[in-house]
Structure formats: C-alpha cells, structure tokens
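In what follows, a structure is listed as structure tokens, so that the remarks can point back to it.
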Amino acid sequence: MPVKRKTKHWYFPLDKYEGWLKEWIVEGKKDEWKPNVYGQCKSWIDSGLQPRAMTRDSNWGVPVPLPGAEGKVLYVWFDAPIGYISATKELTNQWADYWCQEDTKLVHFIGKDNIVFHCIIFPAMLKAHGGFVLPESVPANEFLNIEGEKVSTSRNWAVWVDEYLKDFPDQQDVLRYVLCANAPETKDNDFTWKDFQDRVNNELSAILGNFENRAFVLMHKLCKGRVPTLHADAMNDMDRTLIQEIQNAKVKVETCLENYKFRDGLYEVIDLARKGNKYLQENAPWSLAKTPELQLENQQRIDICLHLCLQLNANLAILLNPFLPFTANKMCKKMKVVERMLDWENAGRIDLLKTNYPLLAPELLFRKIEDTEVVAQMEKLKNNLVKSAAQKMENTTEPVKAEAAPAEAPAKKAEITYDDFAKIDLRVGTILKAEKVEKADKLLKLELDMGTEIRTVVSGIAMHFKPEDIVGKQVTVVANLAPRKMRGIESNGMILMAQNADGRLIFVSPLETADNGSEVKSVIG
RNA sequence: CGCGAGAUAGAGCAGCGGUAGCUCGUCGGGCUCAUAACCCGAAGGUCACAGGUUCGAUCCCUGUUCUCGCUACCA
C-alpha cells in the first residue's frame, strides 16, 4: 500500500531576487512600511531566500499548462495574485492602468496572514516578468475578532453583511464607522455589539449627527430656513478660529489617509464636529434670540454663527465622504447641493453653501441603537453557531445555507454503500505512551496497544491534550489507513475524535473498557 | 522549535529618556437650540513580569510570560 514516489516540480528562483528585495524593502521601505509588515519581510530576506515550488500534486486547482505537467496544479500563491490581474482584466479593458502604468500607485490592503506573499513572492514574480508596477505599500492589518472569538465562516461565527442589512436597513455607514474606528491597525481587535452600540450612539450620532441636527434646527428657527449672510467684516476671533479649524481638519485627514491611518483620520472628522458643537455652545444663538427684540438686535451675530455652522457642515460631508459615503450623500441632499461638492478639493472652503439658499427640514442622520438590538444580535450570533454545529453532528438533510456555509464548511458527505464502510478497519486500542513530536506544535507521537501489536500513530492533538493526561485512555483507531510519514515518524493509522462547536476535542472510545484490538463494526445482519 | 508583531485606566488608542495623555464610558455640578451637545470637576494606571544601563525609564539593553500571525506537520 504505501508507495513512495518521486515527483517533479517547477520552481520560482526566489533566491535570485534576494539582492533586489533587500534593496527594495529592507533598505527602501524601512521607515515607510508598518512594523509588522517590514519586520516579517526583513526576517525572511535576511535569513536567505530559497527557490520556491510553484506547482503541487493535487487533483484540484488550476492545472499547469505545460507539457509533462499532467496532474500538477499551480501553487495557490502563484495563481492567486495573477488572478487579481485577471480579475481586473475581466472587469475592464483599462486593466493595464491599474497594473502596468508607471505612475500608478498600487496599494495592497491585506490581513497579516498574507504578508510575505504580497510583499515578497508576488512582487518578485512581477519583477521577473517585467512591465508591472510594484506595490507602493502593503499596509497589512491585524485580525478583527467577534465577541472575543476568532471569526470563522465554517463555524458561522461571523456577521454577514446581507443579514446585517436586513436587521439594520440603510445603515451601512454606521457599520463602516465602527469597523474603521475600531480597525485592528496595530494589534488584534474585537468587534462587540456593545461597542457597536456605544460608538454609534455616543460618537457618531451624539457628536456628528447631533451637530448637523442642531445647525439645521437653529437655522430654521432663527434664520427662516435659509442660509444666513456671513457678514464677513463683523467676524470675531471665535469665527476666524473656527474657519482655521476647518482648514486644519482637511490637512489632518488628508495626512492620515495618505499614511493609511484610517482610524485617526475618522477621529479627526468627528473631532471637527466636536469643535462645531463647541462653537455653537459658545455662541449660543438661542440665547441671543430669547425675545423677538433681542433677536432683532443680535441677528447679525446669529447669522454669522449659523452661516459658519452650515459651512462647517458642508465640510463635514466632504471629509466624511471617504469613510461614510452614504451619509455624505444624504447630507448633500439635505443641503440641496450636487454631489460634486464632495470633491476633496472643496474641503476647507467656507463658501460651499450660497447665502439665502433654502435648505431642507431637519431630519436625523443616524438613529440610536437600542439595547434590545444588541441583545438580539448577540443571540443570533450564538444561535447560529449552535445550529451550524448541530448540522455537522447530525448530518441532517437540511440544505446548508449558502451564506452561512461557504466552500470551506464541511459539507454533507456523499452517500456511500455498506461496502465502502466495510473497507475501514476500526479497532480499539489503548494509549501506552504519548510524547510531543519535536519541532511540531500540534503533533503527539502515540504508542498504542492494539492487542496483537504495538502501533505508532502520530496525531495532531498536542494543542488539546498533555501527553501524560491521555496515557491509559482507550481510543478508536482507523487501523488500515495507509502509513504516512510526519516529521520523520511513520504514522500507522489515526485515532478518532469528536469536535465540539467550541473546537474542543473528545476521544471517541468504548463506554466500557473493551479488549485491545477488538473490532468496531456494524452488527446488523 | 525558529521568525515577526503586540502587551499603557472599564473599552479603543497616543506617548518612546525627565515619575503618563486623548476619545468613549462612570460619578458630581452648570447650561439647554438639539438624538443631552458643550463647559467645570472627580474617580480609575505598580505603563505584562524580572533584572541591567542612567542622576532619572513606559520609553534603551537582557531574560521571562502571555496573545496573534508566518514556516513545517496537523489524512
């Protein structure tokens, strides 16, 4: 049964690009790339690059289109990045503008698990081919967990956007807000529904939404629903400071965006709204209009204040546009300006809204997230997790939802015959010895008493059990599995485990002690 | 095992040689146009741990622990 075979592979001579990579990354990107990205690239390059096999023996994948390459498929990190280019080509025949044009600034946004592929292997491929631009930066983020646990599509520990939109219609932007404000830019972060609620209610709507609303309400109450006159020559220091802040905000947000500090950039936008609130508070136009007489007397000051608040509001729309495009558009509609106002060049201007222009009635940009919604989402998350685990265990006939279980989910297996089942030689054995396999996190080497023989089985359970804790346990063994070498140790068979939804492993063993070597079989006639 | 990144108030982050700051939350007070914003004040941190360098360390050096990722194995 065990057959050792020679195989042939096609290699990419990564080693030949070591010098170039050293120059390009180690020297050239030292202070430019993020520490996590730079550090990993540097360590790879410093420790010496090897030619890397770009083909695999596998029955699925993209076949290698070369004579003599039957049965070979392309290594995923060879064909995936090429796929990015192909995908662009599918999308537009302007694809070369994105990938080949000299002055194109190409940026790869990825997660930390893919750093070396995007920074070393793919660029080396492009360099080897020639004619393609290299990434200017690869600002890899860390991971975002959900409620303290790693996202898992197969376990359905996830928030699906289509589901989200059913529960929170037209609220794309508040999710965008939370994801950006809480982005794992420097370390792993956690998405929790409570935090979602806090950030939406206390930051987005309380500060930004509230300012917008205050400006509109006051303008309608005190300025007849029209953009009041600025009276530029009557401005005071407060007014001039506010204008300065608007212009500063543009520069700050711009700088953050250029440096991929999206979290900080969003903060600056909110902070400008915060300054707007403060300005409004300090001027207190409502106090200046306590009585009609008083208002008449103060109308100029009121006009200046609200004029600037409204211009600030228009600026907020522009600054917000890269982060919350739907909201920016909504703001445009309320101000009755064309979408083109959102062009970045317009930021910092205080003549975005024309004097005497009538604006729409106040209407809230965001609504608060209720406690009940938070509870409901958390339950949903937990219930769906249980459901998907149950599906696996019971192997039900219920069709697996496409959204809930993408390709990697363990699908229901195809029907087999009794003969298929009977091919498997299942036997009971007892663990005599267990030890960690050197240089392997997950492997334990087990010696099993199979009654008539002692077997060595290598099993990937080291993360779950200490060797000393499992000695003496009876286990179910697939006894006729073809031997396989792992870390230099030949494994003869494998042991069966049940896995809980939480990932915990449980031995599958006889309820009472059985004879070692006894068969596990069906007993129907 | 090897390598990379991280560990700072309840949460999210900044600081990177002079005994800690910002946003949100919490508590108390003021104000009220508004989805309770804004102002004033308070509580809350042995800056993961242990050594070392220094007049002085969150910040530099060494070691350790923990988290995540990569490489290999995990049928």
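Note on naming: letters A, B, ... go to the chains in the order of the sequence lines (proteins, then strands), and numbering restarts at 1 for each one.
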Mapping A:Arg263 and A:Lys112 onto RNA chain B by nearest heavy atom, which one lands closer to the 5' end?
A:Arg263
Can you run down the salt bridge (charged side-chain N to carboxylate O under 4.0 Å, His left out) pairs that involve residues 28-41 of chain A, sequence neighbours left out, and say none if there aren't any?
A:Lys29-A:Glu32
For B:rG45 versus B:rA11, give the span between their P atoms, rounded off to a whole number of Å.
13 Å
If you measure from the P atom in B:rU23 to the same atom in B:rC38, how many Å do you get, rounded?
10 Å
In this structure, CE of A:Met235 is separated from SG of A:Cys305 (nearest 0.5 Å) by 13.0 Å
Nearest-angstrom distance, P atom, B:rU8 to B:rC68:
15 Å
Grab the CD-P distance between A:Gln50 and B:rA72 for me, whole Å please.
13 Å
Of the listed B:rC70, B:rG12, B:rC13, the closest approach to the A:Trp44 side chain comes from B:rC70
Determine whether a donor-acceptor pair (N or O, by modelled atom type, separation under 3.5 Å) exists between the side chain of A:Thr55 and the backbone of A:Trp10.
yes
What one-letter contact string describes nucleotides 29-40 of chain B from 5' to 3', where B marks a base within less than 4.0 Å of any protein heavy atom, S marks contact via sugar-phosphate atoms alone, and - marks no contact?
---SBBB-BBS-
Applying salt bridge (charged side-chain N to carboxylate O under 4.0 Å, His left out) as the test, list every pair that has at least one member in residues 263-286 of chain A; sequence neighbours left out.
A:Glu185-A:Arg263, A:Glu245-A:Lys275, A:Lys252-A:Glu268, A:Asp271-A:Arg274, A:Asp271-A:Lys275
With a 4.0 Å limit, can you tell me whether A:Lys34 has a side-chain N or O closer than that to the phosphate oxygens OP1/OP2 of B:rG4?
no
Considering only the C1' atoms, how many Å lie between B:rA20 and B:rC47, rounded to the nearest integer?
8 Å
Taking the six-membered ring for Trp, are the ring centroids of A:His108 and A:Phe122 within less than 6.0 Å of each other?
yes
Below 30° counts as parallel, above 60° as perpendicular, anything between as tilted: where do the rings of A:Trp44 and A:Phe117 land?
perpendicular
Pick the P atom in B:rC13 and in B:rG51, then give their distance to the nearest Å.
30 Å
Nearest 0.5 Å please: distance from the NZ atom of A:Lys194 over to the OG1 atom of A:Thr192.
8.5 Å
Spatial distance of atom CD1 (A:Ile110) from atom NZ (A:Lys112) [nearest 0.5 Å]:
12.0 Å
Atom CG of A:Asn114 to atom P of B:rC68: distance rounded to whole Å?
18 Å
Value in whole Å for how far the P atom of B:rU67 lies from CG of A:Asn145
13 Å
Taking the side chain of A:Asp188 as its heavy atoms from C-beta onward, which of B:rC68, B:rC22, B:rC24 lies nearest to it?
B:rC68
Stems for RNA chain B (at least 3 consecutive Watson-Crick or G-U pairs, under 3.5 Å) come to B:2-7 with B:65-70, B:10-13 with B:21-24, B:26-30 with B:38-42, B:48-52 with B:60-64
Return yes if a side-chain donor-acceptor contact under 3.5 Å exists between A:Gln299 and A:Asp303, otherwise no.
yes
Is the shortest distance from a Lys or Arg side-chain nitrogen in A:Lys330 or A:Glu212 to a carboxylate oxygen in the other one below 4.0 Å?
no
Nearest of B:rU71, B:rC68, B:rA11 to any side-chain atom of A:Phe143?
B:rC68
Closest listed nucleotide, where the reference is the side chain of A:Glu142 and the choices are B:rC3, B:rC24, B:rA5
B:rA5
Using a heavy-atom cut-off of under 4.0 Å over every strand shown, decide if A:Phe191 touches base, sugar-phosphate, or nothing.
nothing
When you compare the protein's N or O atoms with those of nucleotides 47-49 of chain B, which come within less than 3.5 Å of each other, and at what distance?
none

B:rG6 to B:rC73 separation - C1' atoms, rounded to the nearest Å
26 Å
Taking atom CD1 of A:Ile115 and atom CD1 of A:Ile120, what is their separation to the nearest 0.5 Å?
10.0 Å
Given the C1' atoms of B:rC27 and B:rG10, what is the spacing between them in whole Å?
14 Å
Contacts of A:Arg56 meeting side-chain contact (heavy atoms from CB on, under 4.5 Å) (sequence neighbours excluded), chain-then-number -> A:Ala53, A:Val73, A:Tyr75
Determine the interatomic distance between P on B:rG21 and the same-named atom on B:rG15; round to the nearest Å.
15 Å
